[in-house]
Amino acid sequence: MDWFSDSDDARIDFAATLTGWYEHHKRDLPWRHTRNPYFIWLSEVILQQTRVIQGRPYYERFVAAYPTVQSLADADERDLLRLWQGLGYYSRARNMHKTAKYIAGELAGRFPESYAELLKMPGIGTYTAAAIASFAFDEKVAVVDGNVYRVLARVFGIEEDITTTTAKKTFSTLANRLIQQSDNPATYNQAIMEFGAIQCTPVSPDCLLCPLQQQCRAYLTGKQRMLPVKSKKTAVRERFFNYIVIRQGDRLALKERTQKDIWQHLYDFCLIETEEPMEAFRELPTGNVLNWVLQEGILKGLSDERTHILSHQKIRAKFWLVEVPEGRKVELPDGLTFCEQSETERLPKPILVVDYLKSLRF
DNA sequence: AATACGGGGGG
DNA sequence: CCCCCAGTATT
């Protein structure tokens with residue numbers, strides 16, 4: 001199917017309309033005041049799967065903590081993850097670290113300057129490579145993110161399922177033809193994404209004030225709500241976490257998550273996962289940890305219970321607080337280590353654990 | 001081609 | 001309570 005059965009003028013109009021709209025409606029964001037590829041990269045990785053409102057304070061903190069790619073390369077990975085805490089998808093931070101070390105070490109601190117070179121870096125995929133290449137180096141390569149899928153699907157009435165490989169190809173090809181009509185690819189890429197974020201929103205887009213209203217297939221056919229088409233639904237797995245929170249004085253027993261699971265390289269408490277919710281401590285599966293608790297600890301009861309939602313998992317967590325009398329010398333089970341309050345604060349932790357800790361100290 | 005990977009917002 | 005959103009790497 002050819003999305004350009006209309007005249008060339010219509011295509012030029014699309015790009016010009018978007019950039020015109022952008023100049024009047026764009027938000028003032030810190031990463032829009034720089035051409036430094038390092039800062040642009042930082043902002044783009046933070047904004048992967050993340051809304052501007054959530055990512056912005058993280059960007060400010062990262063720029064302050066790591067003002068150069070060299071400083072990021074030199075960073076302790078735990079500090080990096082701690083700064084990332086609460087953003088989710090923690091492999092982004094670890095991939096950023098890998099790439100920073102590669103650039104500092106192998107490329108003499110010189111940032112890759114083309115889409116093709118950027119794409120080779122860990123954590124930089126098609127979207128981020130296009131964003132950096134266009135924003136920092138004016139390369140004419142189209143960004144294709146969720147906003148772009150939505151805007152193009154609606155304006156051009158594309159009903160392909162965006163989760164399929166062929167649809168991705170369709171949208172990418174269209175986006176890259178459209179950007180040819182712009183003499184400022186950086187601004188055009190920003191414009192179409194900002195338009196998707198502010199005007200052509202996923203739910204209740206502002207069609208009445210839309211500059212593309214009369215050219216928009218979705219508006220003209222009343223199909224805004226149906227587009228873009230996305231078939232996949234994520235199956236949510238329910239999990240039951242039983243945290244044994246071992247406390248001695250103001251020290252807490254923590255452990256790094258090293259297994260292949262969520263929250264890799266973050267820290268949490270002694271965890272016993274069960275297939276079913278456990279109502280009482282004595283129902284927990286017996287093992288080293290339970291024996292240890294009965295031997296060395298004093299169960300203070302179930303101190304808290306909460307549900308933590310991830311996109312693909314629903315975690316029902318219980319926290320069993322266990323006190324060890326102060327002064328008693330004990331060997332912790334299960335690879336746990338006692339941490340002072342200040343150490344605990346400095347370690348990267350899942351939000352579930354952070355929230356629990358807040359309730360623990362009042 | 002399918003799945004794993006966090007967290008947050010709105011109705 | 002339900003719904004929605006969004007890139008990359010791995011399998």
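These numbers were taken from a predicted model, which means no experiment stands behind them. Labels below follow one simple rule: chain letters A, B, ... track the order of the sequence lines, proteins then strands, and each chain is numbered from 1.
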Heavy-atom count around A:Arg306 CZ within 6.0 Å, excluding the residue itself: above 12?
-> yes
Send over the distance from [X] [atom1] to [N] [atom2], rounded to a whole Å.
X: A:Tyr90; N: C:dG7; atom1: OH; atom2: P; result: 18 Å
X: A:Ile124; N: C:dG7; atom1: CD1; atom2: C1'; result: 12 Å
X: A:Arg257; N: B:dC5; atom1: CZ; atom2: P; result: 10 Å
X: A:Leu266; N: B:dG7; atom1: CG; atom2: C1'; result: 13 Å
X: A:Asn189; N: C:dG7; atom1: CG; atom2: P; result: 13 Å
X: A:Arg225; N: C:dC4; atom1: CZ; atom2: C1'; result: 13 Å
X: A:Ile309; N: B:dG9; atom1: CD1; atom2: C1'; result: 14 Å
X: A:Lys120; N: C:dA9; atom1: NZ; atom2: P; result: 15 Å

Test salt bridge (Lys or Arg N to Asp or Glu O under 4.0 Å) applied to A:Glu139 - qualifying residues, sequence neighbours left out = none
Under 4.0 Å between a side-chain nitrogen and a carboxylate oxygen: does that hold for [X] and [Y]?
X: A:Arg251; Y: A:Glu343; result: no
X: A:Glu117; Y: A:Arg110; result: no
X: A:Arg257; Y: A:Asp268; result: yes
X: A:Lys358; Y: A:Asp355; result: yes
X: A:Lys314; Y: A:Glu238; result: no
X: A:Glu194; Y: A:Lys26; result: no

When all nucleic acid strands are considered with a 4.0 Å heavy-atom cut-off, which category describes [X]: base, sugar-phosphate, or nothing?
X: A:Gln49; result: base
X: A:Lys168; result: nothing
X: A:Arg150; result: sugar-phosphate
X: A:Leu87; result: base
X: A:Ser91; result: nothing
X: A:Tyr89; result: base

With a 4.5 Å limit on heavy-atom distance, are the side chains of A:Phe319 and A:Leu352 in contact?
-> yes
Please determine if a side-chain N or O atom of A:Thr126 lies less than 4.0 Å away from the OP1 or OP2 oxygen of C:dT8.
-> yes
Assign each of A:Thr165 and A:Trp263 the nucleotide of DNA chain B bearing its closest heavy atom; nearer the 5' end lies the nucleotide of A:Thr165
If you check every side-chain atom of A:Lys260, which of C:dT11, C:dA9, B:dC5 has the closest atom?
-> C:dT11
Of the listed B:dA1, C:dC5, C:dT8, the closest approach to the A:Tyr127 side chain comes from C:dT8
5' precedence on DNA chain C between A:Asn95 and A:Leu47 (nearest-nucleotide basis) = A:Leu47
For A:Lys98 and for A:Arg51, find the nucleotide of DNA chain C with the closest heavy atom, then tell me which residue's nucleotide is more 5'.
-> A:Arg51
With the 4.5 Å side-chain cut-off for hydrophobic clustering, are A:Leu18 and A:Tyr219 part of the same group?
-> no
Got a sec? Which of residues 200-211 of chain A come in under 4.0 Å of DNA chain B, heavy atoms?
-> none
Under-3.5 Å N/O pairs linking protein and nucleotides 2-4 of chain B:
none

